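Heads up: numbering here begins at 1 and tracks the sequence. Since the model is a prediction, treat every value here as computed from it, not as a measurement.
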Amino acid sequence: MTKKLLLILFLAIFTNVQTTLAQLPAITLKTMDGKTVRTDTLSNDGKPFIIDFFATWCKPCNRELDAIAEVYEDWQEETGVKIFAISIDQAQNINKVKPLVNNHGWEYDVLLDPNGDLKRALGIQMIPFVLICDGKGKIVYKHSGYTEGAETELIEKVRELIK
């Protein structure tokens with residue numbers, strides 16, 4: 001009986017983590033060009049969007065963003081999804097973000113969170129960390145860490161949202 005109860009509790013918590021319906025908090029970030037952007041105004045013209053937290057020093061983050069870059073154009077054509085890549089590099093390393101993005105050829109909207117304000121507001125402990133938001137900006141999916149092929153799960157979740 002105790003094992004069943006623990007399993008039910010685990011599944012309830014896990015399901016809640018995967019399907020959270022919350023609005024993005026109102027945090028001000030900057031673009032790589034120095035413009036300010038409020039996170040509660042991020043949108044994609046009513047279509048889903050993905051937020052991917054990364055750092056220049058995080059190898060799994062770079063692998064994930066590289067893997068997505070290979071299929072991003074196809075994803076956009078099929079679903080119209082947009083990706084916001086948010087760097088959590090601290091202020092002293094912020095100058096490394098633009099060269100990294102350019103060297104990898106990432107075509108994402110890149111935002112900077114040098115003080116970790118958004119990361120902290122969302123309770124993110126580990127990167128890479130990915131959120132999927134529906135067309136209204138509600139968080140509908142969260143995932144931390146990266147394993148090869150995990151990007152397939154992301155596009156499947158996006159496809160479910162546009163049905």
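Closest non-hydrogen pair, Arg38 versus Ala26, comes out as NH2-CB, 4.0 Å. In terms of heavy-atom proximity, Phe49 sits nearest to Ser43 at CE2-CA, 3.8 Å. Here the closest non-hydrogen pair linking Ala55 and Cys61 is N-SG, 4.0 Å.
At least one side-chain heavy atom of Ile162 sits less than 4.5 Å from a side-chain heavy atom of Pro48. Side chains of Val97 and Val110 form a contact here, defined as non-hydrogen atoms less than 4.5 Å apart. Residues Val101 and Met32 are in side-chain contact: their nearest non-hydrogen atoms beyond the backbone lie under 4.5 Å apart. At a threshold of 4.5 Å between non-hydrogen side-chain atoms, the residues Ile68 and Leu154 count as touching. Side-chain contact between Ile155 and Val71 is absent, with no heavy atoms from C-beta onward closer than 4.5 Å. Proximity of Pro128 to Cys58: side-chain heavy atoms (C-beta onward) are separated by under 4.5 Å at one or more points.
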**Q.** Residue pair Phe53, Ile124: steps toward the side chain to side chain contact (heavy atoms under 4.5 Å, CB included) verdict
**A.** CA-CA 9 Å; Phe53 288 83; Ile124 296 170; 3.4 Å; yes
(Q) Is there a side chain to side chain contact (heavy atoms under 4.5 Å, CB included) between Thr36 and Leu29? Walk through the geometry before answering. (A) CA-CA 6 Å; Thr36 59; Leu29 302 180; over 6 Å; no
Q | Steps toward side chain to side chain contact (heavy atoms under 4.5 Å, CB included) verdict (Asp33, Lys98) | A | CA-CA 9 Å; Asp33 299 329; Lys98 193 169 190 170; 3.6 Å; yes
Q. Can Lys157 and Asp134 be said to form a salt bridge (Lys or Arg N to Asp or Glu O under 4.0 Å), step by step?
A. CA-CA 10 Å; Lys157 296 288 182 190; Asp134 66 11; over 6 Å; no
Q: Show your reasoning for whether side chain to side chain contact (heavy atoms under 4.5 Å, CB included) applies to Val158 and Trp75.
A: CA-CA 9 Å; Val158 170; Trp75 287 10; over 6 Å; no
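Atoms CG and SG, on Leu42 and Cys133 in that order, are 8.0 Å from each other to the nearest 0.5 Å. Between the CD atom of Gln23 and the NZ atom of Lys138 there is a distance of 4.5 Å, given to the nearest 0.5 Å. Rounding to the nearest 0.5 angstrom, the gap separating the NE2 atom in His143 from the CD1 atom in Ile50 is 12.0 Å. The line from OG1 of Thr39 to CG of Leu24 is 6.0 Å long, rounded to the nearest 0.5 Å. Ile51 contributes atom CD1, which lies 10.5 Å from atom CD1 of Ile132 (distance to the nearest 0.5 angstrom). Of the inter-residue distances, the one linking Ile83 atom CD1 with Gln76 atom CD reads 7.5 Å to the nearest 0.5 angstrom.
Residue Glu77 places its CD atom among more than 12 non-hydrogen atoms of other residues, nucleotides or ligands, all under 6.0 Å distant. Residue Gln92 qualifies as enclosed at atom CD: its count of foreign heavy atoms under 6.0 Å is above 12. By the neighbour-count criterion of 12 heavy atoms within 6.0 Å, atom CD of Glu107 is sparsely surrounded, having that number or fewer from other residues, nucleotides or ligands. Annotation for Gln90: atom CD does not count as buried by contact number, only 12 or fewer foreign heavy atoms lying within 6.0 Å.
None of Leu122, Ile86, Asp52 except one satisfies the side-chain contact (heavy atoms from CB on, under 4.5 Å) rule with Leu131; the exception is Leu122. For the ring pair (Phe, Tyr, Trp, His ring centres under 6.0 Å) criterion with Tyr108, the lone passing option out of Phe54, Tyr72, Phe84 is Tyr72.
Residue pairs meeting the side-chain hydrogen bond (donor to acceptor under 3.5 Å, both in side chains) criterion with at least one partner in residues 55-67, sequence neighbours excluded, are Thr56-Asp89, Asp66-His104, Asp66-Trp106.
In terms of the salt bridge (charged side-chain N to carboxylate O under 4.0 Å, His left out) criterion, Lys136 has no residue partners (sequence neighbours excluded). With sequence neighbours excluded, the residues satisfying salt bridge (charged side-chain N to carboxylate O under 4.0 Å, His left out) with Glu156 are Arg159.
Under the 4.5 Å side-chain contact rule for hydrophobic residues, Leu65 and Val130 share a cluster.
In this structure a side-chain-to-backbone donor-acceptor pair under 3.5 Å is missing from Asp113 to Ile88.
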